[in-house]
Amino acid sequence: MGQVRVRFAPSPTGHLHVGGARTALFNYLLARQLQGVFVLRIEDTDMERSTEESVTVILESMEFLGLEWDEGPGKGGEFGPYFQSQRLDIYRKYADMLVKSGRAYECFCTPKELDEMRQAQKQRKEDLKYDGRCRHLTEEQRQEFIKQGKKSVLRFKAENEGVTVVNDLIKGKVTFDNHQLDDFVIIKSDGIPTYNFAVVIDDALMQISHVIRGEDHLSNTPKQIQIYKALDFNVPRFAHMPMILGPDKSLLSKRHGATSVTQFRDEGYLPSAMINYLALLGWSYDDAQTIFAKQELIDKFSLEKVSKNPAVFDIKKLQWMNGVYIRELEIDELYQMVLPHWQELEFLPKNPSNEQKERAKSILKSLQERIKLLSDLDDSAYYFFQDELRYNEKAVRKVLYKEGSLEILGYLLTELLAVKEFTQENLEPIFKQAQNKFERKLGDIMQPVRVAVTGTNVSPGIYDVLGLVGRAKSCQRIKNAMEMIKFHQKEV
RNA sequence: GCUCCCAUCGUCUAGUGGUCUAGGACACCGCCCUCUCACGGCGGAGACAGGGGUUCGACUCCCCUUGGGAGUACCA
């Protein structure tokens with residue numbers, strides 16, 4: 001067997017969807033495992049919907065996930081160009097070959113005529129397929145149509161006898177009755193090839209050995225195989241992976257929430273977690289392991305272990321896994337990841353001082369095991385950096401307005417202002433003393449302070465919070481809280 | 001309609017005729033740890049879609065039904 005060459009061929013009509021990302025991943029894993037080549041090809045033959053921005057976003061997404069391609073945009077390669085829009089003359093050449101060999105012919109049917117034909121077929125409950133009315137046009141008829149200015153497409157003359165077998169690496173042997181096939185269009189009236197034609201020419205010319213793609217392409221495969229054979233190309237190995245579904249079991253789409261890689265990136269998902277989760281969606285190694293580093297996936301991946309059934313995208317599990325990877329991060333890595341965003345939010349200045357850096361890292365350390373997404377930090381870290389507190393109403397009511405809170409806060413305020421060094425070691429005794437003095441549970445002492453200083457009843461350990469927020473700000477916030485309580489008591 | 005694919009806990013899955021009173025992970029519930037939350041630990045509930053075969057024996061093989069998904073374009 002020759003070298004393994006696989007490809008990912010997205011059409012730039014939007015963001016990179018997680019389904020596409022998983023297809024890219026499986027191709028990538030196989031290429032790396034077998035020292036093969038991973039080709040990225042842009043299928044931009046849909047002039048209406050393809051955009052430049054979309055290409056950029058897709059490349060960005062691939063890079064974010066760490067799925068480096070060996071040939072393709074920005075990389076070059078000896079089988080280029082890697083944009084289908086730049087390969088039009090190539091498709092034309094092979095289309096002409098098919099015409100010459102009698103395997104393709106011009107069709108002058110208008111969309112309206114075709115539509116009427118299908119309507120009629122529907123009424124008669126026949127199969128919906130092109131009836132081949134232009135298959136045997138005489139030269140005179142052809143000239144007449146051209147004289148009338150009618151546009152034509154090129155249709156492939158499909159073989160209707162026998163069967164076409166796809167030996168799919170995931171699905172197994174799949175047999176199609178050729179009787180099902182009709183003479184499908186390979187070149188549109190504007191001269192652009194259709195997907196089923198271009199994909200064959202490109203995969204053949206780019207010497208793709210394994211076509212790994214979504215199951216939505218399985219039904220198209222017999223058409224493509226016929227083209228391979230008509231052109232005397234080697235037929236590659238096929239592997240069709242199951243679709244990704246939403247919670248309602250319909251195809252995963254925007255309707256189900258985030259589906260694009262960039263969106264996940266912006267919400268604070270880590271590439272490592274995305275890769276790990278996507279790999280497990282439709283593939284498994286054994287009954288024990290769920291956490292896989294990329295290299296491990298490369299070593300252990302195999303198409304044979306890819307599941308045949310569609311998988312529901314479980315955002316909860318992805319979130320859990322993201323938490324796992326966040327916890328594994330070195331604090332410096334985590335800092336680097338959040339820095340740009342924190343600068344945007346003005347948590348940190350453009351050029352943070354060493355002191356600011358260290359403080360930020362301490363804050364991250366206290367929050368690291370409490371977050372699932374990097375974006376969780378927006379809410380759980382802001383009170384370390386911003387003066388204005390966003391009070392959680394429920395917490396205020398439950399904790400601050402609880403009987404005794406005012407006295408506890410008043411006592412603690414005095415002590416906190418008086419203590420020499422504002423450190424964890426010095427803070428702890430103060431709270432213990434308060435506990436004895438008021439004869440309350442430690443929690444009853446801590447919670448009012450927590451809400452006063454953070455605005456909520458959920459935060460890292462209170463000594464950490466106080467130390468990180470600092471004496472001045474902590475005490476000021478406690479005063480503010482006391483004012484709130486007094487005001488509330490007057491109201492009632 | 002026609003063609004193709006698929007079918008184990010709510011979800012992702014392990015399981016390739018006896019090892020299954022079906023294993024793991026997420027989610028869920030309870031307990032423990034504890035200043036809240038999280039982390040961690042322990043425990044619980046929870047599945048072989050249905051019906052026929054084949055076989056000494058079916059989650060595992062075959063058929064049918066049902067249910068889901070895909071394709072059937074001058075989209076990819």
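First the proteins, then the strands, lettered A, B, ... as listed; each starts at 1. Owing to the predicted nature of the structure, the values given are computational and were not obtained by experimental measurement. All values below were derived from every heavy atom in this structure, side-chain atoms included, with hydrogens, water molecules and symmetry-related copies excluded.
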Which nucleotide in the set A38(B), A70(B), C35(B) lies at the smallest distance from any side-chain heavy atom of E369(A)?
-> A38(B)
Distances for protein N/O vs nucleotides 72-75 of chain B N/O pairs under 3.5 angstrom?
unit_1, atom_1, unit_2, atom_2, d
U72(B), O2', L128(A), O, 3.3
A73(B), OP2, R118(A), NE, 3.4
C74(B), OP1, R118(A), NH2, 3.4
C74(B), O2, S189(A), N, 2.9
C74(B), O2, S189(A), OG, 2.8
C74(B), N3, S189(A), OG, 3.2
C74(B), N4, C109(A), O, 3.2
C75(B), OP2, K188(A), NZ, 2.8
C75(B), O2', D46(A), OD2, 2.6
C75(B), O2', R49(A), NH2, 3.3

Once you round it to whole Å, what is the distance between P of C39(B) and CG of N322(A)?
-> 13 Å
Taking CG from L412(A) and P from C35(B), how many angstroms apart are they, rounded to a whole number?
-> 16 Å
Quickly work out the L400(A) CG to U36(B) P distance and round it to whole Å.
-> 17 Å
Strand-adjacent residues in residues 373-385 of chain A, judged by heavy atoms under 4.0 Å from RNA chain B | none
Please work out which residues in residues 423-437 of chain A have a non-hydrogen atom less than 4.0 Å from an atom of RNA chain B and list them by number.
-> none
Tell me which nucleotide among C6(B), C2(B), G69(B) gets nearest to the side chain of K171(A).
-> C6(B)
Identify whether any heavy atom of G282(A) sits under 4.0 Å from a base atom; if not, whether one sits that close to sugar-phosphate; answer base, sugar-phosphate or nothing.
-> sugar-phosphate
Contact list for RNA chain B against residues 301-317 of chain A - heavy-atom distance below 4.0 Å = K305(A), S307(A), K308(A), N309(A), P310(A), A311(A), V312(A), D314(A), K316(A), K317(A)
Give one of base, sugar-phosphate or nothing for T13(A), where a contact means two heavy atoms less than 4.0 Å apart.
-> nothing
To the nearest Å, give me how far apart OH (Y325(A)) and P (C26(B)) are.
-> 14 Å
Same-atom distance (P) from C6(B) to G10(B), integer angstrom | 23 Å
A27(B), G69(B), C2(B): which one has an atom nearest the side-chain heavy atoms of D127(A)?
-> C2(B)
Residues in salt bridge (Lys or Arg N to Asp or Glu O under 4.0 Å) with K316(A), at least two apart?
-> none
Phosphate contact (C37(B) OP1 or OP2) by S459(A) side-chain N/O below 4.0 Å | no
Interatomic distance at P, C9(B) relative to A22(B), whole Å = 14 Å
Counting any heavy atom closer than 4.0 Å, what does N457(A) reach on the DNA or RNA strands: base, sugar-phosphate only, or nothing?
-> base
Report the residue from R135(A), R103(A), R133(A) that forms a salt bridge (charged side-chain N to carboxylate O under 4.0 Å, His left out) with D183(A).
-> R135(A)
Check: protein-nucleotides 47-51 of chain B nitrogen or oxygen pairs below 3.5 Å:
none

Output the single nucleotide from U11(B), A27(B), C5(B) whose closest atom is nearest the side chain of E215(A).
-> C5(B)
Within less than 4.0 Å of OP1 or OP2 of A76(B), is there a side-chain N or O belonging to R213(A)?
-> no
